[in-house]
Amino acid sequence: MNDNSPKSPDAPDPLEALLRESEVHLPDDGFTAHVLKSLPPRRRSDRLRLAVFSTAWLTGMVILLLHAPTVGTETTAFLQHALHGEVAPLLSLAPVVIAVGALVWALASWALEEWA
Amino acid sequence: MGFSDADLITRVLQAGDPNAFGELVRRYQSPVRSFLRKLTGGDAALADDLAQETFLRAWRKLETFRAEARFPTWLFGIAVNEFRARLRRDRRHPWNDKGDRAADAEPAVEAPPAGLRLDLDEALRRLTLPERAAIVLCCQHGLTHEAAAQALRSPLGTVKTNILRGKEKLRRWLEL
């Protein structure tokens with residue numbers, strides 16, 4: 001406990017006594033039940049979130065770096081084939097789409113967790 | 001035998017057990033709601049609303065609780081943040097504890113007319129917010145000055161000054 005009183009210990013401070021005595025216990029009156037009803041699901045642990053975030057981020061970066069020299073050509077080819085309604089060539093761009101998706105997901109989930 | 005706060009917190013963190021968290025809420029609802037009632041100047045509905053927000057935030061952020069602080073101190077800290085956020089949102093006068101002069105220059109309510117004796121609640125309402133919060137935490141809820149400084153996120157010297165100044169006003173107004 002603290003020793004906020006300016007007076008000697010054997011002379012009780014009437015103000016401190018008044019402050020202590022005025023503090024009454026508030027009955028629960030359904031407060032706890034109301035809080036429990038409003039609880040959102042627990043988030044995953046910080047360590048797990050960090051692992052998922054780091055893995056997604058690293059995966060995205062590695063795939064992007066591996067495809068970096070060809071992303072431009074692949075994107076042009078993708079647009080040309082997409083205009084003609086051809087599906088098969090779209091697969092070549094799939095890793096890039098996955099990588100960008102992983103990065104966006106990782107950043108978005110981090111931001112949402114921070115602001116929650 | 002009852003569980004300690006640390007046991008209950010571990011159960012929440014490891015198993016997401018809402019009943020363990022419910023026990024923590026039951027234990028600390030009274031001091032948290034009472035503290036917020038003092039901060040809000042006796043507005044019980046607003047205080048309970050803020051207390052609910054406090055416990056919801058505690059549930060979401062329980063991983064960030066560090067055992068070097070006591071759990072109630074941590075809860076009071078969240079309650080203060082919720083109260084400050086509400087003041088900002090409602091664009092009411094902000095909590096000002098940047099130095100003694102600033103705190104003194106921002107009375108919560110003007111001092112009572114000379115010769116008028118007040119009751120304790122009314123006298124507490126007339127203190128500045130930093131004075132009131134520090135006095136309620138230390139003198140009513142038994143926090144040490146250090147714990148109060150931690151909960152209020154204020155320098156220790158500022159908290160001590162606010163307590164001294166607040167008590168001096170209370171003694172004068174209550175004629176003690």
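- In this structure, no portion of B:Val136 lies under 4.5 Å from any heavy atom of chain A.
- In this structure, NZ on B:Lys167 lies 7.5 Å from CG on A:Leu19, to the nearest 0.5 angstrom.
- Ion pairing of A:Asp29 with B:Arg33 is absent here, as no side-chain N (NZ or NE/NH1/NH2) approaches a carboxylate O to less than 4.0 Å.
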After noting the C-alpha distance and the side-chain angles of B:Gln29 and A:His25, does the key distance pass the side-chain contact (heavy atoms from CB on, under 4.5 Å) rule?
CA-CA 9 Å; B:Gln29 59 85 19; A:His25 179 84; 4.1 Å; yes
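- Annotation: B:Arg26, atom CZ; neighbour count of heavy atoms from other residues, nucleotides and ligands within 6.0 Å is above 12.
- B:Leu56 and B:Phe65 fall within the same hydrophobic cluster, where Ile, Leu, Val, Met, Phe, Trp and Tyr residues are linked whenever their side-chain heavy atoms come under 4.5 Å apart, directly or through other members.
- Within the model, atoms SG of B:Cys138 and CD of A:Glu16 stand 9.5 Å from one another, a figure rounded to the nearest 0.5 Å.
- Proximity to chain B (any heavy atom under 4.5 Å) is shown, for A:Pro40, by both the backbone and the side chain.
- Between A:Phe31 and B:Ala51, the closest heavy-atom pair is CZ-CB, 3.6 Å.
- Per-residue counts of heavy-atom pairs under 4.5 Å with chain A were compared for B:Pro18, B:Ser34, B:Ala148; the largest is that of B:Ser34.
- Interface residue A:Leu36: only side-chain heavy atoms are found under 4.5 Å from chain B.
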Start with the C-alpha gap between B:Gln52 and A:His34, add the side-chain angles, then the distance that decides, and say whether side-chain contact (heavy atoms from CB on, under 4.5 Å) holds.
CA-CA 8 Å; B:Gln52 172 153 357; A:His34 193 57; 2.7 Å; yes
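- A distance of 7.0 Å separates SG in B:Cys139 from CG in A:Leu15, rounded to the nearest 0.5 Å.
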Carefully, step by step, assess B:Arg27 and A:Thr32 under the rule side-chain contact (heavy atoms from CB on, under 4.5 Å).
CA-CA 10 Å; B:Arg27 269 181 205 180; A:Thr32 300; over 6 Å; no
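- Hydrophobic clustering keeps A:Leu26 apart from B:Leu36 (ILVMFWY residues linked when any side-chain heavy atoms are closer than 4.5 Å, directly or through intermediates).
- Note that CG of B:Leu120 is 4.5 Å distant from CG of A:Leu18, once rounded to the nearest 0.5 Å.
- Nearest heavy-atom pair across A:Val35 and B:Phe55 is CG1-CB, 3.8 Å.
- Interface remark: B:Ala147 contributes no atoms to any contact with chain A (heavy atom separation under 4.5 Å).
- Using a distance-only test at 3.5 Å, with no hydrogens or angles considered, no donor-acceptor pair links the side chain of B:Gln140 to the main chain of A:Arg20.
- Contact count against chain A (heavy-atom pairs under 4.5 Å) is highest for B:Arg37 among B:Glu146, B:Arg37, B:Lys160, B:Lys38.
- B:Phe3 and B:Trp74 fall within a single hydrophobic cluster, where Ile, Leu, Val, Met, Phe, Trp and Tyr side chains are chained together by heavy-atom contacts under 4.5 Å.
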